[in-house]
Trainee: 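Can you read through this structure? Questions will come right after.
Quick caveat, the model's predicted, so the values are computed rather than measured. Order of the sequence lines fixes the chain letters, A, B, ..., with proteins taken first and strands second; residue numbering starts at 1 for each chain.
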Number of protein chains: 2
Amino acid sequence: MDNLKTENTQLTHSIKKIKANGVRITPQREIILEYLITHHIHPSVKTIQAGISSKLPNLSTATIYNTIKMLVDNELVIELPNKDGGIRYDYFGVPHFHAICENCGKITDVFLDEYPQIAEELEKATRDKSGYLITGTKVEISGICPECQKKLHLDK
Amino acid sequence: MDNLKTENTQLTHSIKKIKANGVRITPQREIILEYLITHHIHPSVKTIQAGISSKLPNLSTATIYNTIKMLVDNELVIELPNKDGGIRYDYFGVPHFHAICENCGKITDVFLDEYPQIAEELEKATRDKSGYLITGTKVEISGICPECQKKLHLDK
DNA sequence: AAAACATATTAGAATGGTTCTAAATTAGAA
DNA sequence: TTCTAATTTAGAACCATTCTAATATGTTTT
Ligand SMILES: [Mn+2]
Ligand SMILES: [Mn+2]
Ligand SMILES: [Zn+2]
Ligand SMILES: [Zn+2]
């Protein structure tokens with residue numbers, strides 16, 4: 001499995017980056033970060049808590065929120081707020097954008113070679129037209145995922 | 001003012017579209033819709049309520065939420081969930097995308113002639129790679145608005 | 001190694017935006 | 001005008017997120 005090596009590398013590099021910013025690594029922080037690196041389901045806080053409950057049975061939700069805030073500040077994780085009031089989280093290694101199912105809420109990664117150039121084009125237009133100082137770009141495509149198309153008899 | 005004519009036209013057409021779908025028009029609904037068409041600040045529910053309180057002093061928040069849901073179902077309004085837990089709303093006449101200030105929360109429209117083609121390119125990639133049935137696309141550029149750049153002494 | 005200090009974690013309370021509920025009102029059809 | 005289904009309303013309920021203050025842990029200093 002080549003993914004494992006990549007994910008180990010990502011974990012090592014992320015921890016180094018965090019420490020370089022003078023922030024402590026704790027067992028809680030490392031386990032939450034590892035969960036985010038190894039799970040690509042764009043989990044909510046509740047999903048993260050359930051996913052690591054065997055390793056950290058007494059983990060407080062406050063710690064998850066605090067850790068995520070730290071990871072966002074360190075530009076390792078992005079937030080994906082949704083219409084249902086919750087926020088989902090994504091370890092943002094390789095630039096990509098998202099397809100979101102309006103029926104089941106699933107968030108699917110879309111990797112496109114041209115995406116960085118497209119994002120740059122949109123950012124340049126924003127800079128020129130609005131004068132904003134740009135820090136990041138987010139693209140979300142709404143729709144119905146293949147599984148829900150079947151469920152709802154929308155396929156073919 | 002040429003905007004006024006456009007906005008009146010948008011109001012008329014929107015009401016026609018709603019009625020065509022068999023939905024009743026009430027004073028509350030018309031006033032909320034008119035507010036959304038004539039204000040481009042991407043307001044929250046609370047901002048909408050404050051903005052029309054002279055016309056509708058007893059307007060319930062439930063009615064605003066219900067009306068917005070109806071307008072979203074009728075594809076006249078889009079929702080912009082944000083990281084602070086709230087949702088902001090946008091009458092979505094001409095396709096465009098948004099710049100969002102991380103400091104003050106302001107949402108600025110960006111109109112770009114090439115945007116519809118770019119959105120179509122991203123949607124095609126999503127269809128091909130993920131099999132989603134696409135219903136809409138959203139682009140959000142994060143950054144610091146010109147006013148906040150001055151406040152924070154980030155300008156020049 | 002021990003003490004002192006700074007930082008992080010925890011359980012539970014507080015907050016606040018959104019949704020729900022049930023009674024009163026109203027729009028539009030007949 | 002009468003009738004009925006849809007809509008509005010005030011306030012309660014819900015639930016994700018933030019806050020609080022006590023406890024625990026890590027880092028640095030002696
Ligand atoms: Mn992702
Ligand atoms: Mn807009
Ligand atoms: Zn789905
Ligand atoms: Zn600003």
Side-chain angles (χ1 to χ4, degrees), chain A residues 15-16 18-36 42-53 55-74 77-90 102 105 107, chain B residues 15-36 42-53 55-74 77-90 105 107:
Chain A
I15 290 174
K16 191 187 292 182
I18 292 166
K19 282 184 175 166
N21 290 348
V23 177
R24 292 183 185 167
I25 293 296
T26 63
Q28 290 88 341
R29 287 176 174 179
E30 182 159 349
I31 288 168
I32 292 167
L33 175 55
E34 185 194 29
Y35 179 88
L36 286 167
H42 309 88
S44 65
V45 161
K46 200 186 274 185
T47 303
I48 295 170
Q49 195 165 36
I52 60 184
S53 63
K55 289 182 180 175
L56 296 171
N58 300 317
L59 180 64
S60 163
T61 61
T63 297
I64 305 181
Y65 282 107
N66 288 341
T67 299
I68 286 169
K69 180 166 292 173
M70 181 273 288
L71 294 172
V72 170
D73 289 345
N74 283 275
V77 164
I78 62 169
E79 300 173 279
L80 304 172
N82 68 48
K83 301 172 189 179
D84 306 326
I87 304 178
R88 306 215 2 220
Y89 301 94
D90 193 10
E102 291 177 338
I107 301 179
Chain B
I15 289 173
K16 191 187 292 183
K17 187 174 184 183
I18 292 166
K19 283 183 176 167
N21 290 349
V23 177
R24 289 182 185 170
I25 292 297
T26 62
Q28 289 88 340
R29 287 176 173 180
E30 182 157 350
I31 288 167
I32 291 167
L33 175 57
E34 185 194 29
Y35 179 89
L36 286 167
H42 311 86
S44 64
V45 160
K46 200 186 274 186
T47 302
I48 294 170
Q49 194 164 36
I52 60 183
S53 63
K55 289 182 179 176
L56 296 171
N58 299 317
L59 179 63
S60 162
T61 60
T63 297
I64 305 180
Y65 281 107
N66 288 340
T67 298
I68 286 169
K69 180 166 294 175
M70 182 273 288
L71 294 171
V72 170
D73 289 345
N74 282 275
V77 165
I78 62 168
E79 301 172 278
L80 303 172
N82 68 48
K83 300 172 190 180
D84 306 327
I87 304 178
R88 304 204 17 209
Y89 302 94
D90 192 11
I107 301 178

Trainee: Grab the CD1-P distance between B/Ile18 and C/dG28 for me, whole Å please.
Mentor: 12 Å

Trainee: For a 4.5 angstrom cut-off between non-hydrogen side-chain atoms, does A/Glu79 reach A/Tyr89?
Mentor: yes

Trainee: Closest nucleotide of DNA chain C for B/Gly85 versus for B/Val23: which of these residues is on the 5' side?
Mentor: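 It is B/Gly85 whose nearest nucleotide is closer to the 5' end.
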
Trainee: Does the side chain of A/Pro81 reach to within under 4.5 Å of the side chain of B/Asp84, using non-hydrogen atoms?
Mentor: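 When only atoms from C-beta onward are counted, B/Asp84 and A/Pro81 do not touch, as no gap falls below 4.5 Å.
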
Trainee: When rounded to the nearest 0.5 angstrom, what distance separates CG in A/Leu33 from CD1 in A/Ile25?
Mentor: 7.0 Å

Trainee: C/dT9 phosphate, OP1 or OP2: any side-chain N/O from A/Arg29 under 4.0 angstrom?
Mentor: yes

Trainee: What nucleic acid atoms does B/Pro81 come within less than 4.0 Å of, heavy atoms only: base, sugar-phosphate, or nothing?
Mentor: nothing

Trainee: List the steps, then state whether side chain to side chain contact (heavy atoms under 4.5 Å, CB included) holds for B/Leu59 with B/Ile31.
Mentor: CA-CA 11 Å; B/Leu59 179 63; B/Ile31 288 167; over 6 Å; no

Trainee: Between C1' on C/dT18 and CZ on B/Arg88, what's the gap in Å once rounded to a whole number?
Mentor: 17 Å

Trainee: A/Pro27 or B/Thr61: which one's nearest nucleotide on DNA chain D is closer to the 5' end?
Mentor: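 Taking each residue's closest nucleotide, the earlier one in sequence belongs to B/Thr61.
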
Trainee: Taking the side chain as everything from C-beta on, heavy atoms only, tell me whether A/Asn82 gets closer than 4.5 Å to A/Ile107.
Mentor: no

Trainee: C/dG17 C1' sits how many Å from B/Asp84 CG, rounded?
Mentor: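 Those two atoms, CG and C1', are 12 Å apart.
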
Trainee: Could you tell me how far apart B/Ile64 (CD1) and C/dT19 (C1') are, to the nearest whole angstrom?
Mentor: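 That distance rounds to 14 Å.
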
Trainee: Sort out the partner of C/dA30 for me: Watson-Crick or G-U wobble, both distances under 3.5 Å, none otherwise.
Mentor: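 Across all strands, the one nucleotide that pairs with C/dA30 is D/dT1.
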
Trainee: Can you run down the side-chain hydrogen bond (donor to acceptor under 3.5 Å, both in side chains) pairs that involve residues 59-70 of chain B, sequence neighbours left out, and say none if there aren't any?
Mentor: none

Trainee: Could you give the CG-to-C1' distance, from B/Leu59 to C/dT25, as a whole number of Å?
Mentor: 15 Å

Trainee: Do A/Val23 and A/Arg29 make a side-chain contact, defined as non-hydrogen atoms from C-beta onward lying under 4.5 Å apart?
Mentor: yes

Trainee: Whole Å only: how far is the CG atom of A/Leu56 from the C1' atom of C/dA8?
Mentor: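 To the nearest whole Å, that distance equals 14 Å.
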
Trainee: Among the candidates C/dA6, C/dG12, C/dG17, find the nucleotide nearest to the side-chain atoms of A/Ala62.
Mentor: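 In terms of side-chain proximity for A/Ala62, the closest of C/dA6, C/dG12, C/dG17 is C/dG12.
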
Trainee: To the nearest Å, give me how far apart CG (A/Asn58) and C1' (C/dT9) are.
Mentor: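 The distance from CG of A/Asn58 to C1' of C/dT9 comes to 11 Å, rounded to the nearest Å.
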
Trainee: Quick one: on DNA chain D, does A/Arg24 or B/Gly22 contact a more 5' nucleotide (nearest heavy atom)?
Mentor: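 Its nearest nucleotide lies further toward 5', so the answer is B/Gly22.
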
Trainee: Across the strands shown, which category fits B/Thr26 at heavy-atom distances under 4.0 angstrom: base, sugar-phosphate, nothing?
Mentor: sugar-phosphate

Trainee: Could you tell me the boundaries of the chain B footprint on DNA chain D, defined by atoms under 4.0 Å from its heavy atoms?
Mentor: D/dA5 to D/dA10

Trainee: What integer distance in Å separates A/Ile32:CD1 from C/dA8:C1'?
Mentor: 12 Å

